[in-house]
Each structure stands twice: as structure tokens, then as C-alpha cells.
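Here's the structure, in C-alpha cells; my notes come after.
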Protein chains: 2
Amino acid sequence: MVTAREAREAAMDASKYVRYTPEQVEALERLYYECPKPSSLRRQQLVRECAVLANVDPKQIKVWFQNRRCREKQRKESGRLQSLNRKLTAMNKLLMEENDRLQKQVSHLVYENGYYRQQTHSAGLATTDTSCESVVTSGQQNLVAAPPPQPPPRDASPAGLMSIAEETLTEFLSKATGTAVEWVQMPGMKPGPDSIGIIAISHGCAGVAARACGLVGMEPAKVAEILKDWPLWLRDCRSMEVVNVLPAGSNGTIELLYMQLYAPTTLAPARDFWLMRYTSILDDGSLVVCERSLSSKQGGPSMPLVQPFIRGEMLPSGFLIRPSDGGGSVIHIVDHLDLEPWSVPEVVRPLYESSAIVAQKMSMAALRYLRQVAHEDTNSVITGWGRQPAALRALSQKLTRLGSSNSTNRSNSL
Amino acid sequence: MVTAREAREAAMDASKYVRYTPEQVEALERLYYECPKPSSLRRQQLVRECAVLANVDPKQIKVWFQNRRCREKQRKESGRLQSLNRKLTAMNKLLMEENDRLQKQVSHLVYENGYYRQQTHSAGLATTDTSCESVVTSGQQNLVAAPPPQPPPRDASPAGLMSIAEETLTEFLSKATGTAVEWVQMPGMKPGPDSIGIIAISHGCAGVAARACGLVGMEPAKVAEILKDWPLWLRDCRSMEVVNVLPAGSNGTIELLYMQLYAPTTLAPARDFWLMRYTSILDDGSLVVCERSLSSKQGGPSMPLVQPFIRGEMLPSGFLIRPSDGGGSVIHIVDHLDLEPWSVPEVVRPLYESSAIVAQKMSMAALRYLRQVAHEDTNSVITGWGRQPAALRALSQKLTRLGSSNSTNRSNSL
DNA sequence: TTCTAATAAGACGTAAGAAG
DNA sequence: CTTCTTACGTCTTATTAGAA
């Protein structure tokens with residue numbers, strides 16, 4: 001058993017247990033990184049080549065690699081379990097929140113339903129149903145909340161913008177986490193263990209809206225950075241330009257954006273948007289990015305139309321990004337648009353009236369892109385994950401320059 | 001380093017690495033079980049006392065206990081992580097199913113709501129609202145399904161019972177996992193990580209109903225065994241008697257039960273029930289226990305009234321117990337009763353019309369009891385976990401014997 | 001070709017040295 | 001003492017040479 005131990009250098013004689021020197025460990029680690037499972041031949045070669053390993057028995061090398069593999073395996077398994085645990089816990093939390101929201105929505109609908117049913121009955125008896133509609137309308141919250149009773153000054157002044165921004169934030173949050181919109185199940189989007197998230201689309205509210213919740217293993221700041229860069233993940237985005245940036249409150253930023261979309265068919269002109277974007281941090285550490293159109297209706301400055309485009313309207317929308325316990329983020333996305341379907345021929349109008357399309361093209365595309373980026377480089381170099389879309393973005397910019405005059409200097413949103 | 005190895009027996013001489021014999025390991029394990037951290041003194045004592053350890057160096061004993069503690073710690077941590085993982089995965093699945101159900105319910109309600117709204121509007125214009133109610137009623141599924149168009153023979157024959165049993169099964173399942181009842185959130189029962197489960201109560205259906213879903217770390221068969229023994233966990237159960245047992249189909253059993261409840265106040269007489277219980281196994285391995293009242297209305301044999309009692313009716317209810325991947329069970333409970341509130345004074349009538357009380361006293365009590373039993377003896381001896389309720393059951397039987405004549409020989413449901 | 005014994009290599013568990 | 005590390009025994013599995 002105590003054979004071939006004489007090969008070891010002078011200092012140690014019969015003590016079989018020796019710790020390898022830091023240099024030796026370093027060398028072995030380096031070799032392990034190159035090849036964690038060297039052959040018998042390769043091991044002998046190592047002993048000959050590497051000076052610091054000259055005095056080590058090839059058998060010891062073999063054992064060291066075995067132990068090293070074993071350690072890595074154990075650590076990996078433990079890490080895998082822990083990360084899976086964090087993910088599942090976060091998913092659980094998200095699902096419970098969604099459950100809670102759905103429960104509330106059900107309660108509300110059941111209540112409302114009872115009211116309607118009663119109305120229908122009483123309408124058959126007496127004709128006191130003139131108040132019906134108004135009462136119900138005030139009782140339900142399914143439409144976008146009306147502006148506050150005393151609208152603050154609405155101009156392009158910082159105070160005016162701030163007022164609009166805060167209102168947008170409130171409305172977005174109530175759509176994202178509350179029952180401000182009657183969300184219904186996205187057709188074909190069953191919740192599953194490997195599904196992209198929880199997807200819902202609007203029902204019976206003005207415009208078209210979609211909502212998505214999901215998890216992604218990425219820091220909130222990075223998620224926001226990506227999501228704010230529409231051309232990166234929104235295929236239909238032809239260009240986006242940040243016209244103005246101004247600070248708002250503590251940690252808040254208000255931006256004015258101009259964005260152009262591609263037209264889905266040649267039968268209809270493309271849409272463009274003038275948007276206000278408000279980025280801020282909530283008390284609980286969540287990052288919120290919310291947006292809405294700026295139009296003369298809102299009292300803001302009237303933005304000039306750009307010729308081949310039809311001006312679309314974005315109703316309060318945005319992203320809520322909450323840091324998850326496991327290091328990732330919980331993301332809520334709401335996209336609520338009015339694509340002015342009156343302006344397109346009737347045959348293509350469904351394209352402009354479908355919430356499901358918004359869900360597919362915007363909300364889900366955003367989640368999908370984030371997932372892709374997050375999985376693409378798990379733990380490897382963080383830089384360099386914007387490579388593929390770069391070409392696409394260049395094309396987009398080129399097209400933009402050809403098509404209109406104002407979309408050259410992009411913001412440094414990446 | 002190679003000291004005190006001479007103490008070892010003849011066979012080995014200078015080889016320092018020796019495995020302990022199975023007898024030695026067994027002895028050490030036994031000692032570890034008694035005291036995992038013996039003092040130096042105690043260890044020397046062990047060497048002297050235990051014959052098989054006579055040849056072992058006390059230093060080796062020390063090392064063995066050290067390593068043993070380390071191993072246990074590692075194993076424990078790994079096991080904890082894995083079990084937590086299984087639990088979270090099962091919870092996730094349950095929540096996703098519940099989410100799906102809620103989504104469907106929302107879609108249905110939104111649709112129905114739209115219909116009512118339209119009706120209300122058209123009622124204001126024309127008076128063609130006579131068809132309204134019937135149309136809506138056929139469109140919704142919120143009431144208990146009507147019996148099939150051609151009712152099979154309904155008598156006490158096996159065929160007749162089997163027909164009732166299958167129908168009961170279908171109705172129970174549609175309440176447990178579908179939208180046969182408009183379930184709404186149980187007041188004050190927010191879904192939480194440590195909540196007992198998902199609790200809902202009925203709205204707008206005949207009688208009072210409650211629904212609970214949850215996980216428990218117990219095999220489905222054991223869960224069914226416990227849940228079928230009402231006196232065990234239902235505080236209000238005064239007695240239960242299995243009158244008849246007959247096999248039904250493959251693996252199925254039909255039982256006829258008589259059950260008495262305590263009256264909640266002295267102002268009202270107590271309720272009793274004649275029930276049919278159908279136990280079977282679904283294709284996916286789920287265990288189902290469903291119940292309903294047998295009454296002359298159902299064509300079954302008319303059961304005699306028992307004097308001080310008012311005969312209550314149990315609408316299709318039961319337990320769906322699905323084995324979970326992690327070894328535990330996913331449980332769905334539906335309790336749907338008609339407690340004949342007309343028969344009690346108006347002051348106590350709310351007690352008989354509240355779904356929330358049913359949820360508290362029955363559905364949640366069942367889950368709570370299971371949880372208690374499952375946590376009480378995690379991995380210890382399985383037998384003996386019916387001890388405490390035994391006294392209660394004896395009391396129940398005593399009371400029953402005093403109160404009525406027919407509830408002596410209990411079935412061997414435990 | 002197919003079956004079998006010998007050999008080698010790896011995974012796994014564990015005894016014991018070393019560092020904190 | 002705990003934690004990490006080295007080293008070794010045992011068991012399983014894959015490969016191969018030799019025999020039926």
C-alpha cells in the first residue's frame with residue numbers, strides 16, 4: 001500500500017498526507033479549467049511538463065482530479081438547488097399575487113353581475129332604469145380613471161409634466177397590479193411551469209391592452225435599461241428618439257420620446273407616437289417606468305404630425321420591475337394603446353383592434369427578449385449581449401433616416 | 001503520524017487506512033443516536049465499555065464522531081433543500097391550476113356581464129327582455145347541473161346507486177376544479193406562503209358551499225382514510241355510522257352513511273344526514289371521495305326521520321386527493337350543504353346561510369387537521385396518530401347513544 | 001459471433017490531517 | 001470544534017482479450 005512514495009521529495013518521507021503548495025493548486029486548477037478529465041497519458045504528460053508538479057506522483061494527480069470533480073459536482077448541485085428554490089419561491093409569490101388579483105376581480109364581477117341581473121329584473125317590472133347605467137358606471141372601475149377633479153396646470157412646465165407623470169404612474173400601477181382593466185386570459189396561454197409568464201389581455205376598455213408578468217434572472221436596473229430601449233426588442237419599432245430628459249423628484253427622470261412603428265401591411269400608413277416616459281423608484285425598491293402619449297388633449301404642447309405617419313396614442317403603460325429575493329427581478333408589463341383603427345381599411349382593422357396582437361408583439365416579446373438575454377450568458381461575461389440586435393438596429397436607423405428627417409441621434413440607452 | 005496503530009489487530013500492520021467493521025459502525029451509530037457529541041471522558045468510557053471498540057484508538061473515536069456530525073449536517077441540508085423544492089414545485093402547480101380556473105371564471109363572468117349589460121340597454125329601448133333570463137340561465141353554469149335528460153332507474157339497486165354515484169362524482173369534480181360554482185374569495189383568507197391553502201366560498205348558488213385546496217405531506221390513501229372519518233376532524237360531528245358498504249366498479253366503493261351534527265345553539269334542533277359516499281380512483285391515480293344526500297327526491301329509498309333532528313341535505317361534495325411528485329398529496333375539498341335555514345328562528349338563520357362558516361368548520365378544519373397530523377409525526381412511527389381524537393370520539397359515541405337509538409356500531413373507517 | 005473473465009477507470013463514501 | 005482537503009477502500013461500469 002505504501003508503494004511508490006519514495007518519489008516524493010526530501011522533506012516528506014513516510015507521511016502520506018501533504019497539502020499541495022498554493023503554486024501546485026493553482027497549476028492544477030488551471031489545468032482543470034482546460035480539461036477537467038485528463039486521460040492517464042495526459043496526466044503523465046502534465047507531470048513531466050509542469051515544473052511545480054514534478055515531484056507529484058501521477059497517482060496523486062489522478063486522485064486530485066477525481067476529488068476536484070467531486071467537489072465541483074457537489075457545489076454545483078447545491079447551487080442548482082438553491083437557485084431553483086429561489087426561483088420557485090419568487091414564482092410562488094408572483095402567482096399568489098396574481099391569484100389575489102383574480103380573486104378580487106371575480107368578487108367585483110360577481111357583485112357587478114348581481115347588480116345587472118337585478119337591473120334586468122326590475123326593468124321588467126318598472127321603468128326606473130334610467131339611473132341604471134350611470135350607477136353602474138360609477139360603481140365599476142373598468143375604464144381608465146377619469147382625471148382628478150381639479151386638474152393641476154397642464155403645460156410643458158416641469159410642474160405640469162410632473163403632474164402628468166405622477167398621474168400616469170398611478171394609472172399604470174392600477175392596471176399592472178389592480179383591477180383597473182378587466183383582464184381576461186390570453187387565448188392559448190395556459191400557465192405552465194415553463195411558460196413565459198402570466199399573460200392577459202384587456203376586455204371592454206378603450207383601445208387595446210395587454211399585460212404580462214414574469215420572472216427573469218437579471219438585476220432590475222439592467223431590465224429597465226433593456227426595456228427602455230424599444231428598438232432592441234420591439235420588432236415593429238422603426239426608431240426611437242429621446243428628445244428631452246429632465247430630472248423629476250428624487251431619483252426620478254422624465255423623458256420625452258418620439259417613436260415610429262412599422263406598418264404591418266402596405267394597406268395602412270405606419271403609426272408614430274409622442275410619449276412622456278417617467279422613470280422612478282418606489283418606496284419598496286421597485287423600479288417603475290411608465291409612459292403615455294402627450295397630446296394636445298392632455299394640455300401638453302401640441303406636437304407636429306409627421307407626414308406619412310398616423311399619430312397613435314399610448315394610454316398609461318409601462319414596466320414595474322421589482323427585485324426578487326433570489327437576485328432576479330419580477331416584472332409586470334402593461335401595454336395599452338389606441339392605434340386609431342378608424343384610419344385603416346376595414347379588412348385590416350382587426351390588426352389594430354386586437355389585444356392579443358399587442359400581447360404577442362409587445363408584452364410577450366419583451367419578456368421573451370429578457371429571458372433570452374438572461375439565459376444566453378448565465379454567469380459569463382456580461383458585456384456583449386447586444387450584438388445581434390445591433391445589425392437590426394442599424395438597419396432600423398438607416399430606414400428611419402430614409403423615411404423621415406428626425407431620428408438620427410439616438411440616446412445612450414444602452 | 002503512524003502512531004498507535006499497533007493497537008489494531010493482527011491482520012493489518014502498517015496500513016493506516018482501515019475501515020471499521022460493520023459491527024463497529026453499528027455500535028458507533030447506536031452511540032451517536034444516543035449522544036451525537038460525547039465528551040472526551042465519555043469517549044474513553046465508550047472504548048472501555050464496548051467490546052467491539054476495544055481496539056480503536058480514542059482519537060479515532062473522536063474523529064469518527066466529528067466526521068459523523070459533518071456528514072449528518074451535509075445530508076440534512078441537502079435533504080431540506082430537496083424537500084423544500086418538492087413542496088414549492090407542488091405549490092406552484094396548485095397555484096397555476098387555481099390561476100387557470102380563476103382565469104376561466106373571469107372570462108365567463110366578463111362574457112356574462114357583457115350579455116347582461118346589453119340586455120339592460122336593449123331593455124331601455126325595446127321590451128324584448130322576456131327571453132333574457134332564460135337565455136342567460138342556459139348560458140351560465142353557476143347552478144348545480146340538472147339531472148341528465150333521461151334519468152336511469154333510481155332505486156336502491158346497485159345499478160341505481162351506481163348511476164347516482166357517477167353523477168355525484170361528475171358534479172363534485174366540476175365544483176372542485178371547474179366553474180360549476182361561482183367561487184369568491186373567502187373574507188380574510190389572503191393567499192400567503194404559510195397559509196393553510198386556497199379557500200373560497202360560494203356565491204349565488206343553492207345552499208352554502210366552501211372549497212379548499214392545499215398540500216399535505218401524507219400519502220393519498222392515508223389522507224382519504226382520515227377525511228372519511230368525519231368524527232375525527234369535524235368538531236360538529238356528533239356521530240357517523242356506516243350502514244352499508246358495497247363494491248362499485250373497479251376499485252370503487254359505495255357506502256351508505258348516517259351522520260348527526262351538533263346544533264350550534266339551543267334555539268334550533270340539530271341536523272342529520274343520510275348520505276351516499278362513493279370512493280374511487282381516477283385514471284390519473286387521484287383518489288376521489290364524493291358524497292351526497294340520499295332523499296326521496298333523488299328516487300332513492302326514503303329514509304325515516306329521526307325525531308329531534310332536522311334532515312339536512314348534502315349536495316354533491318367530497319375530496320379529490322392527488323398524489324404529488326414529492327410524495328405528499330394535493331387535496332381539493334368541496335363542502336356543499338343545504339342546512340334548511342327555514343327551520344330555525346330568524347335570529348340564528350345566518351348561521352345556516354353562511355358559506356364562510358362552512359369553510360371554517362368543515363373545509364378548513366379538514367385541511368388543518370391533516371396538517372397537524374402530518375407535522376406531528378414527521379418520519380417517526382406512523383401508528384398511533386389517532387390517539388387524542390379517540391377520547392373525543394368516545395364522548396361523541398356516548399352522547400349519541402344517549403340521544404338516539406341508532407349509532408352504536410361504528411364502521412372500521414380508521 | 002457470443003459469452004466470460006480480467007482489467008481499468010470512475011463514482012461514492014469515509015478515515016484522518018490541516019487550517020480557521 | 002468545524003470545515004476543507006487528501007487519500008484510500010469499495011462498488012459499478014465500460015472495455016477488451018480469450019474461450020466456447
Side-chain angles (χ1 to χ4, degrees), chain A residues 1-9 11-29 31-32 35-47 52-53 55-79, chain B residues 1-9 11-29 31-32 35-44 46-47 52-53 55-79 82:
Chain A
M1 310 293 190
V2 201
T3 68
R5 181 51 29 73
E6 303 81 320
R8 287 196 58 76
E9 58 188 348
M12 304 297 150
D13 42 342
S15 85
K16 50 167 170 237
Y17 189 94
V18 200
R19 295 225 132 189
Y20 300 136
T21 65
E23 298 83 45
Q24 285 174 328
V25 172
E26 193 189 352
L28 286 167
E29 287 288 352
L31 293 167
Y32 181 82
C35 168
K37 211 166 178 175
S39 67
S40 180
L41 212 80
R42 171 74 183 142
R43 285 198 302 269
Q44 293 184 1
Q45 191 184 349
L46 294 179
V47 175
V52 287
L53 298 177
N55 298 330
V56 184
D57 189 334
K59 194 179 164 190
Q60 285 177 293
I61 303 285
K62 186 185 88 172
V63 170
W64 189 90
F65 273 92
Q66 274 180 3
N67 283 322
R68 182 60 237 268
R69 283 195 297 269
C70 188
R71 278 198 295 271
E72 172 150 298
K73 191 172 161 186
Q74 284 173 346
R75 274 200 267 273
K76 225 175 188 168
E77 177 63 9
S78 157
Chain B
M1 311 299 188
V2 201
T3 68
R5 182 50 29 72
E6 304 80 323
R8 285 199 57 78
E9 55 191 349
M12 303 297 149
D13 44 342
S15 83
K16 55 198 147 212
Y17 188 91
V18 198
R19 297 234 141 190
Y20 300 135
T21 66
E23 297 82 43
Q24 287 174 327
V25 171
E26 194 189 351
L28 287 167
E29 286 288 351
L31 294 167
Y32 181 82
C35 168
K37 213 167 179 175
S39 68
S40 177
L41 213 78
R42 171 78 183 135
R43 286 199 303 268
Q44 294 183 1
L46 295 180
V47 175
V52 287
L53 299 176
N55 298 329
V56 184
D57 189 333
K59 194 178 162 190
Q60 286 177 292
I61 303 286
K62 184 189 79 174
V63 170
W64 189 90
F65 274 92
Q66 279 177 358
N67 281 320
R68 181 62 238 267
R69 283 194 294 271
C70 190
R71 281 198 292 272
E72 170 148 299
K73 194 170 174 181
Q74 285 173 347
R75 272 201 273 272
K76 228 176 187 167
E77 177 64 9
S78 157
Q82 281 187 6

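Letters A, B, ... mirror the listed sequences (proteins, then strands); counts begin at 1. From a predicted model like this one, the values you see are computed outputs, not experimental measurements.
Counting heavy atoms from C-beta outward, Leu28(A) and Leu53(A) have side chains that approach closer than 4.5 Å.
The separation between Tyr32(A) atom OH and dT5(D) atom C1' is 15 Å, rounded to whole Å. Atom P of nucleotide dA16(C) and atom CG of Asp57(B) are separated by 8 Å, given to the nearest angstrom. Atom CD of Gln24(B) and atom P of dA15(C) are 10 Å apart (whole Å). Counting to the nearest Å, the P atom of dT6(D) and the CG atom of Leu53(A) are 12 Å from each other. A straight line from CZ of Arg68(A) to P of dA11(C) spans 14 Å, rounded to a whole angstrom. With rounding to whole Å, Trp64(A) atom CH2 is found 11 Å from dT5(D) atom C1'. One interatomic measurement links the two molecules: CG of Leu28(B) to C1' of dT14(C), which rounds to 13 Å at whole-angstrom precision.
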Review item, nucleotides 1-4 of chain D N/O atoms under 3.5 Å of protein N/O:
{"from": "dC1(D)", "atom 1": "OP2", "to": "Gln66(B)", "atom 2": "NE2", "distance (Å)": "2.6"}
{"from": "dT2(D)", "atom 1": "OP2", "to": "Arg69(B)", "atom 2": "NE", "distance (Å)": "3.0"}
{"from": "dT2(D)", "atom 1": "OP2", "to": "Arg69(B)", "atom 2": "NH2", "distance (Å)": "3.1"}
{"from": "dT3(D)", "atom 1": "OP1", "to": "Lys73(B)", "atom 2": "NZ", "distance (Å)": "2.6"}
{"from": "dT3(D)", "atom 1": "OP2", "to": "Lys73(B)", "atom 2": "NZ", "distance (Å)": "3.2"}
{"from": "dC4(D)", "atom 1": "O2", "to": "Arg19(A)", "atom 2": "NH2", "distance (Å)": "3.3"}

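Contact annotation: Tyr20(B) does not reach the phosphate of dT10(D) (side-chain N/O to OP1 or OP2, under 4.0 Å). Of the side-chain N and O atoms in Gln60(B), one or more sit less than 4.0 angstrom from OP1 or OP2 of dA16(C).
The minimum heavy-atom distance linking Glu29(B) with Trp64(B) is given by the pair N-CH2, 3.9 Å. Of all heavy-atom pairs between Val56(A) and Val47(A), the closest is O-CG1, 3.8 Å. Heavy atoms only, all atoms of each residue included: Glu23(A) and Val52(A) are closest at CB-CG1, 4.2 Å.
Residues passing the side chain to side chain contact (heavy atoms under 4.5 Å, CB included) test with Lys37(B), sequence neighbours excluded: Arg69(B).
Side chain of Arg43(B) to main chain of Pro38(B): a donor-acceptor pair is present (N/O by atom type, distance under 3.5 Å, no hydrogens or angles).
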